[in-house]
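Worksheet for the structure shown next.
Side-chain atoms are counted along with the backbone in the values below, which use heavy atoms only and exclude waters and symmetry mates. Reminder, nothing fancy here: chain letters follow the sequence lines and each chain counts from 1.
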Amino acid sequence: MSRYDPAVIEPKWQKAWDKAGCFTVRHDPNRPKYYVLEMFPYPSGRIHIGHVRNYTMGDVVARYKSSCGFSVLHPMGWDAFGMPAENAAMERGGHPKDWTYGNIAVMRDQMKPLGLSIDWSREFATCDPDYYGQQQSMFIDFMEKGLVYRKNAVVNWDPVDMTVLANEQVIDGKGWRSGAEVERRELTQWFFKISDFAEDLLEAIDGLDKWPEKVRTMQRNWIGKSRGLQMGWDLTAPHGGFDRIEVYTTRPDTLMGASFLGISPDHPLARALEAERPEVAAFCAEARKGGTTEEAVETAEKLGFDTGLTVKHPLDPTWEIPVWIANFILMDYGTGAIFGCPGHDQRDHDFCRKYGLPIVDTFLPMEGDWDIGAEPFVPLKSEGVRYTRGFAGDEVQTGDAAVDAAIAHAEAAGYGTGVTKFRLRDWGLSRQRYWGCPIPVVHCEACGVVPEKKENLPVELPDDVSFDKPGNPLDRHPTWREVACPACGKPAKRETDTMDTFVDSSWYYARFTAPHAKTPTDMDEAKYWMNVDQYIGGIEHAILHLLYSRFFARAMHICGHLPAGAIEPFDALFTQGMVTHEIYEVPYHIVDGREVLGHSPINSDIPTRYRYLYPEEVVVFTYDGARHALLRSEVDAAGIDKLNPDALINFKTSQKHTRVEVRPPTKMSKSKKNVVDPMDIIARYGADTARWFVMSDSPPERDVEWTAAGADATQKHLARVWRLASEIGEKPGAAAEDEALLKAMHRAIADVTQGIEGFAFNKAVAKLYEFTNTFAKSNASQDARRQAMRTLAQLMSPMVPHLAEDIWAMTGGEGLVAKAPWPRADEAMLAEDNVTLPIQINGKRRAEISVPKDMPPAEVEKIVLADEAVVKALAGAAPKKLIVVPGRIVNVVI
RNA sequence: GCCCGGGUGGCGGAAUGGUAGACGCAGAGGUCUCAAACACCUCCGGUGCAAGCCGUGCGGGUUCGAGUCCCGCCCCGGGCACCA
């Protein structure tokens, strides 16, 4: 007897799709287009189950839309530049290029058996010279339009390795390799003028109505439009050529609560003082320690240095306020100087308490008291408060009103100007690294910074580089830098910075519309295919990638590479949850140049380091509610039952073993080794089981902690459907039962369609289970069952396309299910005559009645009041209230 | 620290302010079988003999009615501009 055999049917149908050219799309003006795109993967080495989940979601949409008659573009590529390739080269030797293309080949081979409806003819990697050459060409266009410039910016500097570190490479304020304390240092860097678009990027968010609200909120907050006061504070005694300090504040209403004026260690005045006084230099050096992230700056211990200088308060020239240098003020933000108001700001409060500066309130709650010395009072700006040291506006007003009044006051009195500012900073794209797109400019002594000529593009990365030393290999390459100036022809030097990999991913969606064009895009193709109708990706990209892409689309439009309609490139966005897994770490110490694994150090001065382990390297168990792990090799050697927690905990507490720490689940990531290879499941059960499994149960937007438990049952279900299809001819059935089955079928069409449209794949799957159960119990005629099964196969086809084709063929479907039109639910078949109404007594369900769907409320009331449970509860009295919600519920209030 | 999410049975989860737990997993019992596998049937939040009572992270509130709305917390996750 034949049975469901994915190993046979999956390759068979994949060949059939290829032969029919199902997924190779062409520009077809006669059909509506649909562009579905999942965020392309970084080629880390092997795919993990998170990729399967992500790409199956996209495939469900792509296949569904295709069935609905759209010409569907569903491409795939590789976000292939980035640090891991260089790290691999450092650790294992070899070249980033070989590592990257090798990984791409492996991952492509792993993805193909999944049966994704991808147009592989459009595939590219961002590290292909053809792609990054077009990117360089656009960079030059952006330069011409004034969208690119250079300025100083802070970087993480490793003073031992003499190199710039990524934030990821700064661990607890120390360099990951050298262990040296990292410092913030300024460097000349390339920037994109994204700030020119701040207002537009903010306003256009309103139009992104098919984006998740949370992403829109995050982007709005990130851009951070604020109205504030720009003002000068005159120094009591001018110093070193400075006579005033410019400050921007969003809380000018708290001006009377100022306790100090704080400047960044990189403020020009601080720099001047640094040159004069060694103690200032020493403080600034200390204050620059630590990483550049906002988190590091915000959470570092607040340090201040009293410069001895004072400024005059603009509202009271006799009031002198001290000028401090503080480590939590960055030169990148605002003017690099703030006034500290400890009464209404936690950070300033901490600072003033620490250094004994005065703390006063400028406003208090409407009612009650507030101990301002103990805790700052920080209400929402929209709340009304009572001003105790107000100088503009009413005594009682909201913070917002007071800010407006203070700005008006400052402008009238002439000590400041109302200014709108954005939190959004320009996009620093320089990276001092090899494996990225070279910035196509040349530095000429005579001509300055000159763009490379377009006919010389791409500026290709040299292959002969080594990674044995820290720093950028392009910098120390013997010949690559040497080049003729594109303007004057004299010897000049190439720029050695490469571009942030976010640049690569900011326009790939546009390149997919014409991946082989000799220009960045082909306008005809871009006009037809853009925008991306449905973009799918992780919530971790909610801000940076999506904001940069929105900027890039605008810049590309200005340079003639995208039509005006494509400046918001993603019509609809869906953010899928992450697949998470526990992390296993083994502590180790370096003793006498040797690694000692998993034990406590003899000498506590020896720092503990951690190395990650793959899930398959450990045995994990729960004991007393706590998670424990042991090395698999040690458990095997000891011959212990891996499923017996008692035996395992006994081993862990009494035997010599290597310590393994279990960390809570986080997003699967190759670098943390908490990845699960889906290839086992695919090899064992087939792609359809893997696809159905990742689509069932969990809502797509939610994170899921990975477990393979249930994969067996998933395959059993698919085998059951296949068997039900194959057995249709075995019993005659009765036409009298046809209507019930066909009604259920139409119900399923409606529900599954709604599930897919609404990205509720788990609910669509639940409805498919329900319909399968109804089908299995049905004794309808063979014709009706064959029709129902064909429809079931179609409804399942976006999730399990191979199985669906097999059943489709088995039940007499014409051609490929991949090409068949999506079924439509017949409204007449969905109508229900009767409804069940629950009866509540005082909000608790006590009975239920079945009534015609459109029975008038007055009639329903009669039936309810005659109901046994209601009569008993009323005990002769009249109800206080009777609420009838037609078609939903009845509540009797007694 | 700041911004944004999430928290419902043993587990994944469902529920336009209207019957909490659809559907699935795991588990228990049964039918079939010489036996097993497969398949099929029944049960399956807690407590209680039952009627019932309790129950959606915690504490308040609004409402005829709250998992859902409001206020205040706790815990977990994402982002914080050089991980991608």
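- Regarding K193(A), its NZ atom lies at a distance of 22 Å from the P atom of rA81(B), rounded to whole Å.
- Counting non-hydrogen atoms under 4.0 angstrom, Q432(A) reaches a base of the nucleic acid.
- In this structure, rC53(B) and rG46(B) make a Watson-Crick or G-U wobble pair, each of the two defining distances being under 3.5 angstrom.
- Distance, E705(A) CD to rG12(B) P: 9 Å, rounded to whole Å.
- Among the heavy atoms of the strands lying under 4.0 Å from H541(A) is at least one base atom, whether or not backbone atoms are also near.
- Using a 4.5 Å cut-off on side-chain heavy atoms (C-beta onward), R663(A) and K672(A) make no contact.
- Counting non-hydrogen atoms under 4.0 angstrom, P41(A) reaches nothing in the nucleic acid.
- The listed nucleotides are rA14(B), rC64(B), rC83(B); the one nearest the side chain of N762(A) is rA14(B).
- Comparing rC80(B) with rG10(B), their C1' atoms are spaced 38 Å from each other, to the whole Å.
- At the heavy-atom level, V155(A) lies under 4.0 Å from base atoms of the strands shown.
- For the pair Y685(A) OH and rC25(B) P, the computed distance is 13 Å after rounding to whole Å.
- Between T501(A) and rA84(B), a side-chain N or O to OP1/OP2 separation shorter than 4.0 Å is present.
- When the side-chain nitrogen and oxygen atoms of N891(A) are compared with OP1 and OP2 of rG18(B), none of them lie within a distance under 4.0 Å.
- Within the nucleic acid shown, L424(A) comes within 4.0 Å of at least one base atom, counting heavy atoms only.
- Judged by the 6.0 Å distance and 45° axis criteria, R150(A) is positioned over the aromatic ring of W190(A).
- Close to rG13(B), at under 4.0 Å from its OP1 or OP2, lies a side-chain N or O of R702(A).
- A straight line from CZ of R216(A) to C1' of rC4(B) spans 14 Å, rounded to a whole angstrom.
- A 4.5 Å side-chain heavy-atom check between E540(A) and H545(A) finds every atom pair outside the cut-off.
- Taking 4.5 Å as the limit, some side-chain heavy atom of T501(A) sits within range of a side-chain heavy atom of D504(A).
- Residue S505(A) is classed as having no contact, given no heavy-atom separation below 4.0 Å to the nucleic acid.
- At a threshold of 4.0 angstrom between heavy atoms, the contacts of V892(A) with the nucleic acid are absent.
- A542(A) comes within 4.0 angstrom of nothing in the nucleic acid, heavy atoms only.
- If you check every strand for non-hydrogen atoms under 4.0 Å, R347(A) touches nothing.
- Heavy atoms of V885(A) sit under 4.0 angstrom from at least one base atom.
- Closest approach to the E294(A) side chain among rC4(B), rA81(B), rG12(B) is made by rA81(B) (side chain taken as heavy atoms from C-beta onward).
- If you check rG78(B), rC38(B), rG5(B) against the side chain of K716(A), the one that comes closest is rC38(B).
- Using the Watson-Crick or G-U wobble rule with both distances under 3.5 Å, rG67(B) pairs with nothing in any strand shown.
- The gap from the P atom of rG57(B) to that of rG6(B) amounts to 13 Å, rounded to the nearest Å.
- Among the nucleotides rC53(B), rU19(B), rG24(B), the one closest to any side-chain atom of I889(A) is rU19(B).
- Phosphate proximity of rC23(B) to N773(A): absent, as no side-chain N or O sits under 4.0 Å from OP1 or OP2.
- Under a 4.0 Å N-O distance rule, the pair R353(A)/D350(A) does not qualify as a salt bridge.
- Side-chain nitrogen and oxygen atoms of K763(A) include none within less than 4.0 Å of the OP1 or OP2 phosphate oxygen of rA14(B).
- To the nearest angstrom, C1' of rA84(B) lies 10 Å from CG of D500(A).
- Taking a pair to require two hydrogen-bonding distances under 3.5 Å in either a Watson-Crick or a G-U wobble arrangement, rU16(B) remains unpaired.
- For the pair R720(A) CZ and rA39(B) P, the interatomic distance rounds to 9 Å; values are reported in whole Å.
- No contact: G538(A) has no heavy atom under 4.0 Å from any strand.
- The side chain of M83(A) lies closest to rC83(B), out of rG1(B), rU19(B), rC83(B).
- One atom, CH2 of W706(A), and another, C1' of rG77(B), lie 20 Å apart when rounded to the nearest Å.
- Residue-level contact check: R220(A) touches neither bases nor backbone, having no heavy atom under 4.0 Å from any strand.
- Side-chain nitrogen and oxygen atoms of N167(A) include at least one within less than 4.0 Å of the OP1 or OP2 phosphate oxygen of rA81(B).
- Residues E91(A) and N87(A) bring no donor and acceptor atom of their side chains to less than 3.5 Å of each other.
- Counting non-hydrogen atoms under 4.0 angstrom, M39(A) reaches nothing in the nucleic acid.
- Counting non-hydrogen atoms under 4.0 angstrom, E301(A) reaches nothing in the nucleic acid.
- Of the side-chain N and O atoms in K667(A), none sit less than 4.0 angstrom from OP1 or OP2 of rG79(B).
- Across all strands shown, the partner of rG72(B) is rC58(B), judged by Watson-Crick or G-U wobble contacts whose two distances both fall under 3.5 Å.
- With a 4.5 Å cut-off on side-chain heavy atoms, L792(A) and T772(A) count as touching.
- Minimum atom distance to the side chain of D79(A) is reached by rA84(B), of the listed rC54(B), rA84(B), rA81(B).
- No cation-pi contact links R3(A) to W722(A), judged by a cut-off of 6.0 Å to the six-membered ring centre and 45° from its axis.
- Remark: P of rA84(B) and CG of L546(A) are 16 Å apart, rounded to the nearest angstrom.
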